[in-house]
Asks: 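After the structure tokens below, expect a handful of questions from me.
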Amino acid sequence: MNALERILSALGDPAPQGSTGRDGIPCLEIEAKDARRTIARLKSACGFDTNTFVTAIDRFPAEPRFELLWQFRSLVHGDRVRVRARLDAGPEGPRAPSIADLFPGAAYSERECFDMFGIVFEGHAGLKRLLMPEEYDHFPLRKDFPHQGIEPDRLYREWDRRRHEKPAGSAT
Amino acid sequence: MTESLTLEYEPGTVSGDDPLHGELMHLNVGPQHPATHGVLRLKITLDGETIREVEPVVGYLHRGKEKTCETLGWRRFFVHTDRLDYVQPLTNNCAYAMALEELAGLEIPERGQVIRVLLMELSRIASHLIYLGTTGIDLGAVTMFFFCFNEREKIYELLDAYTGHRMNNTYVRIGGVYADVEESVQDAVTGFLETFPAKVDEFEKMLTGNRIWYDRNRDVGVLTRDDALAWSLSGPNLRGSGVELDLRRAEPYCGYEAYDFDVPVGTIGDCYDRYLVRVEEMRQSARICRQAIDKLGKTRGGEFLAEDRRFVLPPKSEVRQSMEELIHQFKIVTDMALPAGEAYGSIESSKGELGFLVASDGTSHPLRCHIRAPSLMNVQAIPHLARGRLLSDLVAIIGSLDFVMGEVDR
Amino acid sequence: MLHSYAPILLLAVLAVGFAAASVVLSELLGRRRRNVGKKAAYECGMEPEGNARIRLSIHFYLVSVLFILFDVEAVFLILWAATAKGFTAQGQGPLVLVEVLSFVLVLALALAWVWRKGGLEWDR
Amino acid sequence: MGSLKPAGPSPSEGGFFATRADWLVNWGRKNSLWPMPLGLSCCGIELMAMIGPKFDIARFGAEAARFSPRQCDVLIVAGTLTWKMAEACRTIYDQMPDPKWVIAMGVCSSSGGMYDSYAVVQGVDMLMPVDVYVPGCPPRPDAVIDALIKLQKKIARERPVELLLSGDNDDEGAGTRRFSYPPNHAVPTTRSHEVLPPDAGPRG
């Protein structure tokens, strides 16, 4: 009874359509809105107790543009599952439910997804940029962002100008 | 200009019971600090010496590796994987190569796998030596730094003899390794393996029974079994908490099922257990290296690189003779395309589960290459472990979680 | 009497001279470049937030007072030790010993009281 | 960047006392270069190996690696400097007492190295004057020791006492002089496979 059947049987009623990827890891295709329900069921029913990563793929020309990927591993059964959901970039950017309360380990991965793709995770406690400076206003890993960046030294020059106007040496 | 210093005193958050309590101090253990093992910044709120709140700020070494992979293409990204977890460059190469081979469905010849196991285990020893050296010097054992770096220099010499460069040697290719391990390198490694276990005993004699080391590490940063799983920790940090999960045993790759080694597991899950687990792992890695050297001896002259010309460069001699090999080389060098699809390959690196999610749309440039960094999860666990402890315990916790910023920030 | 202090005075002069010379020379020779960041407090490369003058917990003060208490006791013991040889030569050895022991005993009582009251534990 | 002026006064001009004093001051400075190890990435590991037992820089008086800029003479930028870290790096450079020097260790700090991405400073000389560049990724520790020796030779040629006598010492502006940024290579260029959104105007 391979991993895919075990998961699909445990997920029960509206079983998402699953397939086994090239690397032998079962993949589940689900809708973004019922991601939390499925993942909560995966954690409770199927024994997936560790979140390996949360990441996204920007399939730029295709619509819906972003694809969110969660991957979990079960210590008891020793197998993995990958859950994927397609997000379309709405007017104010793609939105997705956060699973940071179910898996505390996913908090930083979600912050990185927000930082790199602009996917807003609803319900995430401290959703701010993880890697780029907080005032950075682009999303680097989107396909339409140039590799060398747009004016990468703007924040540094502003800091330098601010520094010269208000010398930091004065007693604050 | 001496303006009067107005000492406006606002009580701040005084913890109710003790009126003589001081205010909270906001301290910044910033990106440039010896104890943070790289460019990690910790915003700490201190109540006296007790840490009230810790907030790690990462990203000071974010070089945009995943974007670079999409720009450079699969083959040329190999050089960048060395700089991910820069204390064990060859392990990152092997992880990346395995993920690509899984996507391409490529089989590696037996000798190539044995060489990879040897390189990975030597890198694991080197990485644990850096852990021991830097954590030792942070907690006051200065000689530990020089002992460990002395051993690490010997490993540098081995890799220098084999690959020609001490560090960041990018010697793994898709389908195997770049060159064969000659007799001289094999003897050098054997020589190193004879003296190394005695050195590890020396380290243990210095630290394990040491009263200061024991008090600074025992019951500090205790990580229970469920917390470790919930915070997605893996590797020595997870095994320190009593969970026996080692990908070399749970999901064997590269022929690891043929080696016998045992997996050290801690009990309480504090800094001391993680230290014991890592020191024991160094001995086990030396054991695996010895078995790998025997296998190398047996398969001398065997194939160390696959023959599949879609991904593996033909040797130079053949390229000069035949036209097909020239065309193969040209096609691989310009754009080595991987079949469309998605694959996740992960190995047991010295920090935990290092994985690569590679998604290809059939061209030579990846659709997505996500690097699953174990060190990012280690940094994420710092606030959970350090809250309510003394500031000096934070140094022990950072040292014991053993993360490398190149992998955290990618 | 004065000449017995000569070595100490010479040593003091040499010490002060060396310190003054190095400060003056480095002030003169070092090329002073006043730039914006130089006077700012160093906090690992970041701009320091908040004020460094905050009210600290009372336990820091308690530890320092205890240290001074037993440090001064050590100073008296050193002085006593320096002159003890002279007294034993005059035959008053045991008397001198009893005196210093009573002094140490009083302070030992203080130490015991502090210990029992829990003044020595740091993280309560 | 000490007080080295390319067309400095010729030795004979300064008079016997100044040159002898120069020699003494430079001898003292160059043999006690306390490094400020700004270990950012892989070069930081080679920097530690350099301080380690085999390539010991204690032989050059440079092993007192303080981690506070207040007690350091030479800033060794070891590793990839990103724009987010650039502010901290420039602050640390400013907070070092004069005279100070900078060694850019490794190709990443010398010229951005293998990275021309959106987050990497294309060379530390975009932020501060650099005295010695060390090629290599990471450079072998003996290459960095060679750089240290080159820096010592450079210090030996300086003229601190002479400047003192000629009164040109208080170079007020050096620190706050607006350092002119060399051309910013991080201009976005279209890569062969990169896809442009249909409405994107001309690049750059």
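A note on names: the letters A, B, ... follow the listed sequences, proteins ahead of strands, and every chain is numbered from 1. Worth saying up front: this structure is predicted, and the values here are computed from it rather than measured.
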Asks: Evaluate A:His138 against A:Tyr136 for ring pair (Phe, Tyr, Trp, His ring centres under 6.0 Å), listing each step before the verdict.
Replies: CA-CA 6 Å; A:His138 303 285; A:Tyr136 196 69; 5.5 Å; yes
Asks: Compute the centroid of each ring, for A:Phe117 and then for A:Phe114, and state whether the two points are separated by less than 6.0 Å.
Replies: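 Centroid separation for A:Phe117 and A:Phe114: 6.0 Å or greater.
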Asks: Chain A: which of B:His370, B:Glu251, B:Gln380 shares the most heavy-atom pairs with it under 4.5 Å?
Replies: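 Answer, by heavy-atom pair count under 4.5 Å with chain A: B:Gln380.
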Asks: Checking B:Leu61 against chain A: side chain, backbone, both or neither under 4.5 Å from a heavy atom?
Replies: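 Neither part; nothing is under 4.5 Å.
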Asks: Under a 4.5 Å heavy-atom cutoff, which of B:Asp409, B:Val57, B:Leu367 has the most pairs with chain A?
Replies: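 Highest number of pairs under 4.5 Å: B:Leu367.
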Asks: Is B:Glu55 close to chain A through its backbone or its side chain, or both, or neither, when contacts mean heavy atoms under 4.5 Å?
Replies: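 Answer is side chain: those atoms of B:Glu55 sit under 4.5 Å from chain A.
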Asks: Decide if the gap between the ring center of B:Tyr344 and the ring center of B:Phe356 is smaller than 6.0 angstrom.
Replies: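 B:Tyr344 vs B:Phe356: aromatic centres not under 6.0 Å.
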Asks: What part of B:Pro374 gets closer than 4.5 Å to chain A, counting heavy atoms only: side chain, backbone, both or neither?
Replies: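 Neither part.
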Asks: For A:Pro104, is it the side chain, the backbone, both or neither that has a heavy atom under 4.5 Å from a heavy atom of chain B?
Replies: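 Both the backbone and the side chain of A:Pro104 come within 4.5 Å of chain B.
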Asks: Please rank B:Glu102, B:Glu353, B:Glu342 by heavy-atom pairs under 4.5 Å with chain A and give me the top one.
Replies: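 Highest number of heavy-atom pairs under 4.5 Å: B:Glu342.
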Asks: Measuring heavy-atom distances to chain A, does B:Ala359 have an atom under 4.5 Å in its side chain, in its backbone, in both, or in neither?
Replies: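 Side chain only.
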Asks: Quick check on A:Ala56 against chain B: is it the side chain, the backbone, both or neither that has a heavy atom closer than 4.5 Å?
Replies: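 For A:Ala56, the contact with chain B is made by the backbone alone.
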Asks: Kindly say whether A:Asn51 contributes a backbone atom to a donor-acceptor pair with the side chain of B:Ser232 at under 3.5 angstrom?
Replies: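 Indeed, once roles are kept as given, a pair shorter than 3.5 Å links the two residues.
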Asks: Once the angle between the rings of B:Tyr96 and B:Phe77 is folded into 0 to 90°, is it parallel (under 30°), tilted (30 to 60°) or perpendicular (over 60°)?
Replies: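 Perpendicular: the ring planes of B:Tyr96 and B:Phe77 meet at over 60°.
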Asks: With a 4.5 Å heavy-atom cut-off, do B:Leu84 and B:Val404 have their side chains touching?
Replies: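 The answer is no, as the side chains (C-beta and beyond) never meet within the 4.5 Å cut-off.
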Asks: Test of understanding: with ring pair (Phe, Tyr, Trp, His ring centres under 6.0 Å), list the residues that count as partners of B:Trp231, not counting sequence neighbours.
Replies: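 Counting only residues at least two positions away or on another chain, B:Trp231 forms a ring pair (Phe, Tyr, Trp, His ring centres under 6.0 Å) with B:His384.
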Asks: Salt bridge or not between A:Asp79 and A:Arg6? Use side-chain N to carboxylate O under 4.0 Å.
Replies: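 Salt bridge present between A:Asp79 and A:Arg6.
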Asks: Quick one about B:Asp227 and B:Thr224 (side-chain donor to acceptor, distance below 3.5 Å, no hydrogens or angles considered), yes or no?
Replies: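 Checked: B:Thr224/B:Asp227 side chains pair up, N/O donor to acceptor below 3.5 Å.
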Asks: Where on A:Leu69 is there a heavy atom nearer than 4.5 Å to chain B: the side chain, the backbone, both, or neither?
Replies: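 Contact with chain B involves the side chain of A:Leu69 alone.
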Asks: Sequence neighbours left out, what pairs pass side-chain hydrogen bond (donor to acceptor under 3.5 Å, both in side chains) with at least one residue falling in residues 102-119 of chain A?
Replies: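 Matches after skipping sequence neighbours: A:Ser98-A:Glu110, A:Glu112-B:Arg410, A:Asp115-A:Arg129.
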Asks: Heavy-atom cut-off 4.5 Å, strictly under: side chain, backbone, both or neither for B:Thr68 against chain A?
Replies: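 Both backbone and side chain of B:Thr68 come within 4.5 Å of chain A.
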Asks: Heavy-atom cut-off 4.5 Å, strictly under: side chain, backbone, both or neither for B:Leu247 against chain A?
Replies: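 Answer is side chain: those atoms of B:Leu247 sit under 4.5 Å from chain A.
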Asks: Among B:Leu233, B:Asp361, B:Leu229, B:Val379, which has the most heavy-atom pairs under 4.5 Å with chain A?
Replies: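 Ranked by contacts with chain A, first place is B:Leu229.
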Asks: Using non-hydrogen atoms and a 4.5 Å limit, figure out which bit of A:Arg142 sits close to chain B: side chain, backbone, both or neither.
Replies: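 Only the backbone of A:Arg142 comes within 4.5 Å of chain B.
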Asks: What part of A:Leu75 gets within 4.5 angstrom of chain B, counting heavy atoms only: side chain, backbone, both, or neither?
Replies: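 Contact with chain B: side chain only.
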